[in-house]
2 protein chains.
Amino acid sequence: MAETETARQSNAAAFDSLEVALDRGSPIPLYYQLAQQLESAIEHGALAPGNLLGNEVDIAARLGLSRPTVRQAIQSLVDKGLLVRRRGIGTQVVHSQVRRSLELSSLYDDLAAAGQNPATRVLRNEIESASPEVAAALGIPEGRDVIVLERLRSTYGEPVAHLCNYLPASLLDLDTERLEETGLYRMMRAAGITLHSAHQTVGARCATADEGILLDEPEGAALLTMCRTAYDDTGRAVEYGTHVYRAARYTFDFQLLVRP
Amino acid sequence: MAETETARQSNAAAFDSLEVALDRGSPIPLYYQLAQQLESAIEHGALAPGNLLGNEVDIAARLGLSRPTVRQAIQSLVDKGLLVRRRGIGTQVVHSQVRRSLELSSLYDDLAAAGQNPATRVLRNEIESASPEVAAALGIPEGRDVIVLERLRSTYGEPVAHLCNYLPASLLDLDTERLEETGLYRMMRAAGITLHSAHQTVGARCATADEGILLDEPEGAALLTMCRTAYDDTGRAVEYGTHVYRAARYTFDFQLLVRP
DNA sequence: CAGTGGTCTAGACCACCGT
DNA sequence: CGGTGGTCTAGACCACTGC
């Protein structure tokens, strides 16, 4: 009995002793401030896996917030997979392993994944008429001008991937120099293009002779391929790309959350 | 001016003429009923891409709901990528292409993707001591009993993938016959295990001689590999698997949503 | 300026869980 | 049974957009 008491106390204390500082003058929404502080508490271990959070009504009262606001904060962490709610039980911090790279595989993966020492060489940056394949992927008329971008990405001086991308020429100007320093998506974002969604297909095949030379692999080596179309806020296709990765130096790594 | 009027009308009419039937007696939440009917209206084309939804206050009034309830319904569709909200503008249906297989790549992919005519042959279904690799992946002590499952999945009589899975032996019993008829995840779900998240790594490599025989590919052919650990509600690892796919017959296909 | 979504409040009742 | 999250209401003010 005493043990149960202690256990429960340690659970409750975990959150009770947590100091949450809300700034009502800040333009940052209250629910977001709370969510951020909870998240960092979980990351720093102040809230340990399995800990109960205490009921929402109490939290709201303690912080001087309404219950819906507290719920909104908690819900955002549930959506991220950090918390689990159970009816009649309470809200718990999810156990250990799950929360490493919890972000869903993002469009910036290429950059982040190679983020140790990435370098890009632009092999080609021209305007061309859209081929049938490209026109279909981008949903534009055949023959329309598109930017054709061909890049070789390396880390530590060793080639990792060959990237070939197509963008409607009307969208933006691509400066080759800046492209070698930053990623394509960063430049698109800077140009006011807000990405909304993308469709990807990942497969494998053997290297052709040319690819072998470019990527420093023997002909017939296994390569990882990725084909992607990215869409705008409004649903317009804004980018189509076919990427080829050296299997020995690259893998796709991602986290899946099961929708309840 | 008249044209503007017509355009606005056609946008507004799209939703206004939509019949939404809410059943307050149903155990299904009102926001969920509304979300479902909006979603099917979008799928059936009753709500066309780019259509404005009309403001939330009006919708709430027309349906006899409160605004937060309507917001909850709309928000769930925004999260799915079907709708886009813009401050000061309104809520729009996302343009065309984006909404085909909008569900995020799920754990049931193997089954669904091969869902045309899938067959499974169980090559092995035994209990074994966990190897260091398996123990580390599942977060259990080395030597603990685990179920080792080896399966060959085919479609139309042709092999597609070789699946090797490990599960803590304490979790459930796996009947070989049922495994040949249904998927592993379905059986786990039926046993009361609720999946929460998973971590996957996708790569490529060349086939070994043994794999070539099993999968009916020449030695050295490109294969797609996938390595996955799946976690419980509580964060316990409940499954670890290494899968090998014939590159010519399988690709990973998924949709990404960019978090705002 | 008027209209939109974004945020927030202070209540309420219900369904589910453990005891 | 009491406690929990799940849902719902009827307001309110603000920030941003377009005119």
Whole-Å distance separating the [atom1] atom of [X] from the [atom2] atom of [N]:
| X | N | atom1 | atom2 | value |
| --- | --- | --- | --- | --- |
| B:Leu52 | D:dG18 | CG | P | 12 Å |
| A:Leu53 | D:dT4 | CG | P | 12 Å |
| B:Arg67 | D:dC14 | CZ | C1' | 11 Å |
| A:Ile59 | D:dG5 | CD1 | C1' | 12 Å |

**Asked** For residues B:Gln75 and B:Tyr31, is any side-chain donor paired with an opposing acceptor at under 3.5 Å?
**Response** no
**Request:** Could you tell me whether the side chains of B:Gln33 and B:Asp23 share a donor-acceptor contact shorter than 3.5 Å?
**Result:** no
**Complete:** Under a 4.0 Å heavy-atom criterion, DNA chain C is touched by chain A from C:dT7 to C:dG18
**Complete:** Residue pair A:Tyr32/A:Arg87 against DNA chain C: nearer the 5' end by closest nucleotide is A:Tyr32
**Fill in**
Closest to the 5' end of DNA chain C, once B:Arg85 and A:Ser66 are matched to their nearest nucleotides, is B:Arg85
**Request:** State which residues pass side chain to side chain donor-acceptor pair (under 3.5 Å) with A:Ser76; sequence neighbours excluded, sorted by chain then number.
**Result:** none
**Prompt:** So which one's nearest nucleotide on DNA chain D is more toward 5', A:Ile89 or A:Arg71?
**Reply:** A:Ile89
**Item:** 5′-ward residue of the pair B:Thr69/A:Arg86 relative to DNA chain D
**Value:** A:Arg86
**Asked** If only atom types and distance count, is the side chain of B:Asn51 paired as donor or acceptor with the main-chain N or O of B:Ala48 below 3.5 Å?
**Response** yes
**Message:** Is it the case that the side chain of A:Glu239 and the backbone of A:Asn165 share a donor-acceptor pair, with hydrogens and angles ignored and the cut-off at 3.5 Å?
**Reply:** no
**Fill in**
Only residue of B:Leu77, B:Ile74, B:Val84, B:Ile59 satisfying side chain to side chain contact (heavy atoms under 4.5 Å, CB included) with B:Thr91 is B:Ile74
**Prompt:** What does A:Pro68 touch in the nucleic acid at a heavy-atom separation under 4.0 angstrom: a base, only the sugar-phosphate, or nothing?
**Reply:** base
